[in-house]
Amino acid sequence: MLYIWAERFRWAGSLLKHKSSSVKIDTYQDLLKRVSRLLPVDVKVILLADRGFANAELVRYVRKLGWHCRIRIKGNFWLRHPRQGWQRVSQFPVAIGEAKLIHNVQIHKCNSLTDVHLAIAWESTNGEHWYIISTEPTNLQTFREYGFRFTIEENFLDDKSSGFNLEDSKLRSAPALSRLCLVLAMTTLFLTAQGVEVVILGQRRCVDPHWYRGASYLKIGWSWVKQALNKGWNLISVVSFSTNIDPEPVKASRLQHQQRTYRIEFQATTVVWAN
């Protein structure tokens, strides 16, 4: 199973000058098509996307590509109840600490999308509401799958204050920024592969003295390269990733890990609607 991030498509594949974080699918549809040609065959692909990508056209195109999706939507999305008619998703009754899994629903009034599935929950820890649409029948695992999207934040941190400080370039030209991002993407690939190799060989604490891995693989690889220039350490000659299993999941400390770990515990109720 392969999870991919819509945000990363837009950032790494095509840099856009745009006034809003919400971009019409016409703008990046060709990019999705090109990415689909690069992915392995015979694997299940699930697109994870935040609310800026919540639109019916994207769901339809994901299906056309043979993928699935888990997309978070806003509470003001319209949902058609078979008896009560159209209502906003936020109006659907759900108690705190409860999740409702609604199958075979119709969403959007103007650009109606049918035969999708919905996971609604009211999280008891911080009181946050979750609304996630899926092209597959939802269950509690749907929330966990969507939670994988948050791992991209580590990548954004490497691009910005914890790594390349991209915003300090002060470039305003989209073509110039696009070329710069290409260089950073290649650098990210190398440094990340180097960092993974360092961890696999059990040499992480040579450049990261913490008990648990708190730095990204890019930062570990970056620190290793700088030390290698002074101490003659070996560098990788081939950039490769042999597995998608994280050899040492990030954990700044045991306490912080317990506090920040993405987890949602609900009592679930499944509802099947006949449109």
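Positions are given from 1, in the same order as the sequence printed here. Every value quoted in this text rests on a predicted model; they were computed, and no experiment measured them.
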* Carefully, step by step, assess Leu48 and Phe148 under the rule side-chain contact (heavy atoms from CB on, under 4.5 Å). => CA-CA 8 Å; Leu48 307 175; Phe148 294 150; 3.8 Å; yes
* **Non-neighbouring partners of Tyr61 that pass ring pair (Phe, Tyr, Trp, His ring centres under 6.0 Å), sequence neighbours left out** => none
* Asked: Arg72: what forms a salt bridge (charged side-chain N to carboxylate O under 4.0 Å, His left out) with it, not counting sequence neighbours?
  -> Glu128
* If we only count heavy atoms from C-beta on, is the Leu235 to Val225 side-chain gap below 4.5 Å? -> yes
* Asked: Has the side chain of Asn139 got a donor or acceptor atom that lies under 3.5 Å from a matching backbone atom of Thr142?
  -> yes
* To do: Ignoring hydrogens and angles, state whether a donor on the side chain of Gln106 or Thr114 is under 3.5 Å from an acceptor on the partner side chain.
  => no
* For Phe92, is the NZ or CZ atom of Arg88 found under 6.0 angstrom from the centre of its six-membered ring and inside 45 degrees of the ring axis? -> no
* Counterpart residues, side-chain hydrogen bond (donor to acceptor under 3.5 Å, both in side chains), relative to Ser134 (two or more places apart) -> Arg70
* State, to 0.1 Å, how close Thr135 and Cys69 come at their nearest heavy-atom pair, and which atoms those are. => OG1-N, 3.1 Å
* Indicate yes or no: at least one non-hydrogen side-chain atom of Ile71 is less than 4.5 angstrom from one of Ile132. => no
* Check whether Val43 and Leu39 end up in the same hydrophobic cluster, where Ile, Leu, Val, Met, Phe, Trp and Tyr are linked by side-chain heavy atoms less than 4.5 Å apart. => yes
* Using the side chain to side chain contact (heavy atoms under 4.5 Å, CB included) rule, pick out the option among Leu191, Thr187, Leu218 that qualifies with Asp158. => Leu218
* To do: Would you please name every residue forming a side-chain contact (heavy atoms from CB on, under 4.5 Å) with Asn234, sequence neighbours left out?
  => none
* Atom CG of Asp159 and atom CG of Asn165: how far apart are they, to the nearest 0.5 Å? -> 10.5 Å
* Asked: Between Ile107 and Ile133, is any pair of side-chain heavy atoms under 4.5 Å apart?
  -> yes
* **Results of side-chain contact (heavy atoms from CB on, under 4.5 Å) for Ala56 - residues two or more places apart only** => Arg60, His108, Asn111, Leu113
* Asked: Can you tell me how far CD of Gln91 sits from CG of Asn76, rounded to the nearest 0.5 angstrom?
  -> 10.5 Å
* Check whether Leu157 and Tyr217 end up in the same hydrophobic cluster, where Ile, Leu, Val, Met, Phe, Trp and Tyr are linked by side-chain heavy atoms less than 4.5 Å apart. => no
* Would you indicate whether the side-chain heavy atoms of Asn104 and Asp115 approach each other to under 4.5 Å? => yes
* Has Asn126 got more than 12 heavy atoms of other residues, nucleotides or ligands less than 6.0 Å from its CG? -> yes
Please output the side-chain donor-acceptor pairs of residues 192-200 that fall under 3.5 Å, not counting sequence neighbours, one pair per line with the distance.
unit_1: Thr192; atom_1: OG1; unit_2: Thr188; atom_2: O; d: 2.7
unit_1: Gln194; atom_1: OE1; unit_2: Ile236; atom_2: N; d: 2.9

* Asked: Would you say Lys100's side chain and Pro93's backbone share a donor-acceptor pair under 3.5 angstrom?
  -> yes
* For the residue pair Leu32 and Leu58, establish whether any side-chain heavy-atom pair is separated by less than 4.5 Å. => yes
* Structure fact -> Residue pairs meeting ring-ring contact (aromatic ring centres under 6.0 Å, His included), one or both in residues 160-205, sequence neighbours left out, come to Phe164-Trp222
* To do: Report yes if some heavy atom in the side chain of Lys44 is under 4.5 Å from a heavy atom in the side chain of Glu136; otherwise report no.
  => yes
* Asked: To the nearest 0.5 Å, how far apart are OG in Ser216 and CG in Asn155?
  -> 8.5 Å
* To do: Please identify each residue that fulfils side-chain contact (heavy atoms from CB on, under 4.5 Å) with Ala176, with sequence neighbours left out.
  => Leu171, Ser173, Arg179
* Greater than 12 external heavy atoms within 6.0 Å of Trp211's CH2 -> no
* Asked: How many angstroms lie between CG in Leu65 and CD in Gln29, if you round to the nearest 0.5 Å?
  -> 8.0 Å
* Structure fact -> Residue set satisfying salt bridge (charged side-chain N to carboxylate O under 4.0 Å, His left out) with Glu248, at least two apart, ordered chain then number -> Arg204
* **Any donor-acceptor N/O pair, Thr138 side chain to Leu118 backbone, under 3.5 Å** => yes
* Could you tell me the separation between the CZ atom of Phe143 and the CG atom of Leu140, rounded to the nearest 0.5 Å? => 7.0 Å
* Lys/Arg N to Asp/Glu carboxylate O, Asp246 vs Arg213, below 4.0 Å -> yes
* Is there a donor-acceptor pair under 3.5 Å between the side chain of Trp122 and the backbone N or O of Ala99? -> no
* To do: Mind listing the closest non-hydrogen atom pair of Ile73 and Ala54 along with its distance?
  => CG2-CB, 3.7 Å
* Asked: Distance from Arg149 atom CZ to Leu47 atom CG, nearest 0.5 Å?
  -> 11.0 Å
* Can you sort out the partners of Trp233 under side-chain contact (heavy atoms from CB on, under 4.5 Å), two or more places apart, ordered by chain and number? => Cys206, Val207, Trp224, Gln227, Ala228, Lys231
* **All side-chain hydrogen bond (donor to acceptor under 3.5 Å, both in side chains) counterparts of Ser36, not counting sequence neighbours** => none
* Asked: If Ile, Leu, Val, Met, Phe, Trp and Tyr residues are connected whenever their side-chain heavy atoms lie under 4.5 Å apart, and connections chain through other members, are Phe241 and Leu201 in the same group?
  -> no
* Asked: With no hydrogens and no angle check, is any side-chain donor or acceptor of Lys219 less than 3.5 Å from a backbone partner on Ser162?
  -> yes
* Mind checking ring pair (Phe, Tyr, Trp, His ring centres under 6.0 Å) for His68 and listing every partner two or more places apart, or none if nothing turns up? => none
* Does some side-chain heavy atom of Asp208 sit less than 4.5 Å from a side-chain heavy atom of Ser223? -> no
* **Side-chain heavy atoms of His117 within contact of Val105, under 4.5 Å** => no
* Asked: Are Trp78 and Phe53 in one and the same hydrophobic cluster, where Ile, Leu, Val, Met, Phe, Trp and Tyr link if side-chain heavy atoms are under 4.5 Å apart?
  -> no
* **Plane angle bin for Phe150 and Tyr146 - parallel if under 30°, tilted between 30 and 60°, otherwise perpendicular** => perpendicular
